[in-house]
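Here the structure comes first, spelled out in structure tokens, and everything after it is commentary.
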Amino acid sequence: MSLRRLEPIERYVAAISVVGLAIGAWIVAYGVEGEVHAATPAIAVLMLLMIAGEMYPIRVPLRDDAEEVTTSPAFMFATLLLSGPALAILAQAVASVLSDLRTGRVWWKAIFNVAQYALSIAGASAILVAIAPDLRFGDASTFGPHTFVATLAAGVASFFLNSLFVVVAVSVAQRVSIVREFRNNLGFHTATTMVLIAQGPLIALAASRSIVWVLLFVPGILAVYRTATISVAKEHLATHDSLTGLPNRMLFRDRLARMISEDGDARFAVMLIDLDGFKEVNDTLGHHIGDTLLCQVGQRLIEGLDGCNVVARLGGDEFAVVSAVPDRFAAAELGHHILEVLRQPFALQDFPFHVEASVGGAIYPEHASDLDALLQRADVAMYLAKEHGTGYETYTASNDRYSPRRLALLGELRRAIEEGELVLHYQPIADMRTGVVNRVEALVRWNHPEHGLIPPDEFIPLAEPTGLMGPLTRHVLDLAISQCRIWRDNGLELTVAVNVSARNVHYSELADDVATLLAKWSLPANALELEITESVLMSDPRRAREVLSSLNDLGVDTTLDDFGTGYSSLAYLKRLPVSQLKIDSSFVTNMATDDDDAAIVASIAGLARTLGLAVVAEGVESATIWHQLRELGCQFAQGYYLSRPLPADQITRWLEARGDRHRSAPLEPTPRIDAP
Ligand code: C2E
Ligand code: CA
Ligand code: CA
């Protein structure tokens, strides 16, 4: 039989174990008889408390995890002071072995633990004897000038030796410097352990009087135990999703941030998982079944992906997984594995239920080196997986739509929203019968410090698949409503129309946001209108109708934007709680020269009349079109012929110059004003 060479860590553990066990055994063998002979019931209680402390550690919330703290150092030190090293080592050995059995630690680690405890207790005991040889804690007459110094030195030694053996083991195993490892280990543990050890002499003094005094320490410990348990539970609630018990978005980001900051060489993939058709499950089978499904999905992910660093639920039907991967091939493998794990049918109400998912992966640091960019790239990949129906996609920078420049922009968008770089321009909407303008559409632009004014078409479509549309729309609503407040305060009774996108309608609490913001600026619901594109409504009609109804309940009117480009059926339109249709500019702009377009506009106007909806034509660029539209019975018009979208101050001047609110007779519109 050939013996392989031992690794340094194995040699270290073996050496400490052998030496520690030998010294421990010798001390116990030599001293136990005398100590047992002199032992009081109070010492027995101390030993029991030592074991109990080790068996039932106090869980203290620390960042996302709970750190375990045991109270046994206090009782170990008290036992050492009052009785001697033999009983202290004996009880500590029993406590350590029982605790290691409880946590299922491997045998050699359990032995190492016993050995290093024996060594640190022996060291502390040697210091006690060296400084104050005659000291007997049970006998106050032996106390002298050295008592305090001896006790302090022994306490520090027992803590220091204990930490040293562990720190050296870790630094040998991980080949990092002992000093660095020591520094990492300081802090929380040092503080609590030192506090506990400092209790040792007090406990020893109390125990030397009577067992009753020792028992008085117990309620205090129980109180700490209870408080700690409660705060661990609270911490857990704040960082975990209550439905599935998985880490929530906050904790997920926290862990990810730590993985990025702690290990310079880390390589890992972030996988975002979105269930396809989950909303249908919720809508058709009910929220209760939806919740059950989410729980089962969470469970599946945990069980099926046990090598992963993090499995989290980010909200709704969105989950995330982080796992160390060497390259994009491994990432793709993981992505497909996730799909496979979710492909087995779920048991809902006792019948098998199939769930499809879309997974997008981005790799750190290959695709992004900061947290937000990484998540956003994974989000893009997920979006592509969904759009292409491929199930899984790894992020690729070469994807045209998400060119590096655009991605860089997207990466900046969150900050831009927070720092107020988004501005609104307003375009008037005129009543064609009277020429009066009492509505404007708010159109967002990004006033970028380097690139200047960026039009919405360059960043809204990028932001749409990401989680940024919620904050963006909230911000735009806030800007638009506050501007409306200013107008109304200055006697301009305007209504402002705001565009909302698919994400807003499908995922967020749009109606709640709207209600909150109207209340914030104390404006009535008729000060605001929302424009929703037809295609958004068609992609998830049920959900859209719900959202529209809740907006309706608030009293906020809604417009079907870009009408004519989608495929709304008449039957569907009839049931939809919208108040007007906005004919897409692609039909309007060319209607003077294109008969087909003119026919389409005419038929939409007719359709709207039948349904009792108002019609707005946008993209009106000339007087010819204006008159043509009026012939067709179109009520409202918007376009360059009237005015381009303008910043608030300019549009205010434009409006004031017209003096619409004093006017009652029908008027021709004033010629267009070009934007600067
Ligand atoms: P939209 O809602 O269809 O807005 C009308 C667009 O047509 C505006 O472009 C406007 O400047 C342009 N337009 C107005 N009159 C004329 C005209 O006579 N001729 C021509 N050729 N164009 C005209 P803009 O401002 O670049 O906005 C583009 C799109 O960006 C909007 O289309 C809307 O879908 C989106 N968008 C703008 N602001 C927001 C916002 O705050 N939130 C969301 N979700 N989307 C927005
Ligand atoms: Ca619009
Ligand atoms: Ca439009």
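Atoms within each ligand, like the ligands themselves, are counted from 1 in listed order.
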Heteroatom of Glu441 nearest to the Ca ion (ligand 2) (N, O or S, atom name): OE2
Would you check if Leu494 and Arg488 make a side-chain contact, meaning some heavy-atom pair closer than 4.5 Å? no
Relative to the heavy atoms of Glu441, which atoms of ligand 1 are at a distance of less than 4.0 Å? 2 (O), 4 (O)
Residue pairs, two or more places apart or on separate chains, that pass salt bridge (Lys or Arg N to Asp or Glu O under 4.0 Å) and touch residues 282-295: Asp283-Arg542
Glu531: which N/O/S atom is nearest the Ca ion (ligand 2)? OE1
His425 touching ligand 1 at heavy-atom level, < 4.0 angstrom: no
Contacting atoms of ligand 1, where contact means under 4.0 angstrom from a heavy atom of Asp562: 3 (O)
Strictly distance-based, threshold 3.5 Å: is any side-chain N or O of Thr559 a donor or acceptor partner for the main-chain N or O of Asp561? no
Show the atoms of ligand 1 that are less than 4.0 angstrom away from any heavy atom in Asp561. 2 (O)
Thr559 near the Ca ion (ligand 2): N/O/S under 3.0 Å: no
Those residues at least two apart in sequence (or on a different chain) that pass side chain to side chain contact (heavy atoms under 4.5 Å, CB included) with Ala362 are His367, Leu374, Arg377, Ala378, Tyr395
Record the part of Leu443 in heavy-atom contact with ligand 1 below 4.0 Å; permitted values are side chain, backbone, both and neither. both
As an exercise, identify every atom of ligand 1 less than 4.0 angstrom from a heavy atom of Gln427. 14 (C), 15 (N)
For the Ca ion (ligand 2), what is the closest N, O or S atom on Asp561? OD2
If the contact criterion is a heavy-atom separation under 4.0 Å, does Lys582 count as touching ligand 1? no
Could you list which atoms of ligand 1 come closer than 4.0 Å to a heavy atom of Pro645? 11 (O)
For ligand 1, which atoms, with element, lie under 4.0 Å from some heavy atom of Glu618? 3 (O), 5 (C)
Can you list the ligand 1 atoms lying under 4.0 Å from a non-hydrogen atom of Ser501? 44 (N)
Measure from NZ or CZ of Arg644 to the centre of the six-membered ring of Tyr640, then state whether that distance is under 6.0 Å and the direction lies within 45° of the axis. yes
Heavy atom of Pro455 under 4.0 Å from ligand 1? no
Please verify whether a non-hydrogen atom of Arg644 lies at under 4.0 Å from ligand 1. no
Under 3.5 Å, N or O to N or O, is Gln638 touching ligand 1 that way? no
